[in-house]
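For reference, the structure discussed in these notes is given below.
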Amino acid sequence: MSRRMIFLVMFLLVIFGVGAMVWQYFSSTKAVSVWFKNCSSATVISTIKNSSTVSRKTIQKSGDSVRISNNVSASVECSPVDGYAVTVAQITTNRVSLDPDFNNERNKAILKEVQPKIEELVMKAYPKSAEYNFISSAIMQNGEWCVVVLKPKQEDERNGNNLRIIAHKKDGDWSLVTKPEILFNTYAYPLISREVLLRANSV
């Protein structure tokens with residue numbers, strides 16, 4: 001075999017080997033695009049299944065993609081800007097979106113400001129709420145939703161359950177968007193997100 005033929009065979013073997021490696025890499029990994037707002041960056045955290053080996057890849061720009069192995073359990077953690085909470089999402093599809101809520105300090109400040117207004121709305125809309133005490137409340141969804149919880153002043157068989165009411169801020173004004181309920185469900189309130197209803201039920 002001539003030297004030229006040997007070089008050609010070696011060249012083809014190298015090309016084949018590189019191609020096989022590239023094919024193996026792309027077939028054993030998947031591209032995941034990470035989208036975020038109110039975060040300075042996001043970190044993809046991958047853990048090899050049945051192993052303690054962990055790898056981290058930082059994404060600086062929303063919408064950028066990263067390739068991860070098909071044999072890992074992966075999540076994305078955002079580095080929030082001031083006033084927002086750390087958010088973690090599991091990677092289950094080829095696209096992950098992070099939209100952190102306000103942090104506890106910011107929510108408490110908003111609640112302190114709006115709670116008297118919401119309690120006033122409840123008292124006007126439901127005069128019988130005078131038979132209840134406002135015992136807890138929570139701000140949700142970046143300050144746009146609020147739930148208040150009322151407890152009967154006198155508990156009996158007819159009147160023994162805590163009640164919840166959800167308020168929503170639109171165009172800067174708060175309004176009540178539910179009736180007093182023991183618990184909320186998506187059938188009665190299809191226009192309110194399931195996430196808000198579940199959060200309200202847990203307060």
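Using modelled atom types, no side-chain atom of S79 and backbone atom of S40 make a donor-acceptor pair closer than 3.5 Å. The backbone N or O of W35 sits nowhere less than 3.5 Å from a side-chain atom of R95 that would complete a donor-acceptor pair. R199 contributes no side-chain N or O that, together with a main-chain N or O of M140, makes up a donor-acceptor pair within less than 3.5 Å. Judged by distance alone, the side chain of K57 and the main-chain N or O of R67 form a donor-acceptor pair under 3.5 Å. The main-chain N or O of F102 is found under 3.5 Å from a side-chain atom of N142 such that the two form a donor-acceptor pair.
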Test side chain to side chain contact (heavy atoms under 4.5 Å, CB included) applied to V147 and T178, step by step: CA-CA 10 Å; V147 58; T178 70; over 6 Å; no
Pair F134-L150, side chain to side chain contact (heavy atoms under 4.5 Å, CB included): steps then yes or no: CA-CA 5 Å; F134 291 89; L150 300 89; 3.9 Å; yes
Verdict with reasoning, Q141 to E195, per side chain to side chain contact (heavy atoms under 4.5 Å, CB included): CA-CA 9 Å; Q141 297 282 304; E195 182 180 357; 3.4 Å; yes
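L163 and F184 are not part of a single hydrophobic cluster, where members link through side-chain heavy atoms under 4.5 Å apart. Under the 4.5 Å side-chain heavy-atom criterion for ILVMFWY residues, a single connected hydrophobic cluster contains both Y126 and W174. V177 and V148 are members of different hydrophobic clusters when ILVMFWY side chains are connected at heavy-atom separations under 4.5 Å. With hydrophobic clusters built from ILVMFWY side chains whose heavy atoms lie under 4.5 angstrom apart, I165 does not share a cluster with V196. Note on Y84 and V86: separate hydrophobic clusters, where clusters join Ile, Leu, Val, Met, Phe, Trp and Tyr whose side-chain heavy atoms are under 4.5 Å apart, directly or indirectly.
With rounding to the nearest 0.5 Å, the separation of CG in N107 from NZ in K112 is 15.0 Å. Here the CD1-CD1 distance, from I166 to I118, works out to 11.0 Å after rounding to the nearest 0.5 Å. To the nearest 0.5 Å, the span separating OG on S73 from CD1 on I68 amounts to 9.0 Å. Going from atom NZ of K117 over to atom OG of S175 covers 10.0 Å, rounded to the nearest 0.5 Å. Annotation: the span from Q115 atom CD to I110 atom CD1 amounts to 13.0 Å, rounded to 0.5 Å. Taken to the nearest 0.5 Å, the CG atom of N201 stands 11.0 Å off from the CD1 atom of I182.
In this structure, the side chains of C39 and P100 come closer than 4.5 Å at one or more pairs of heavy atoms. Between T87 and P80 there is no side-chain heavy-atom pair separated by less than 4.5 Å. Contact annotation: the side chain of V88 never approaches that of I45 to less than 4.5 Å [non-hydrogen atoms, C-beta and beyond]. Between V34 and D64, the closest side-chain pair of non-hydrogen atoms is not below 4.5 Å. Using a 4.5 Å heavy-atom cutoff, the side chains of V32 and V44 are not in contact.
Residue A42 comes nearest to V76 through the heavy atom pair CB-CG1, 3.8 Å, listed as atom of the first residue, atom of the second, then distance. Here the shortest heavy-atom pairing between H168 and W145 reads ND1-CE2, 3.3 Å. Taking both residues in full, the closest heavy atoms of K153 and A130 are given as NZ-O, 2.8 Å, listed atom of the first, atom of the second, then distance. The nearest pair of heavy atoms linking V203 to A138 is CG2-CB, 3.8 Å. Looking at every heavy atom in both residues, Y132 comes nearest to P152 through CD2-N, 3.4 Å. When every heavy atom of Y187 is checked against every heavy atom of P190, the shortest pair comes out as O-CD, 3.7 Å.
The side-chain contact (heavy atoms from CB on, under 4.5 Å) test with Y189 singles out one residue from I192, N185, T186, and that residue is I192.
Taking 4.0 Å as the cut-off between side-chain N and carboxylate O, E120 and K124 count as a salt-bridged pair.
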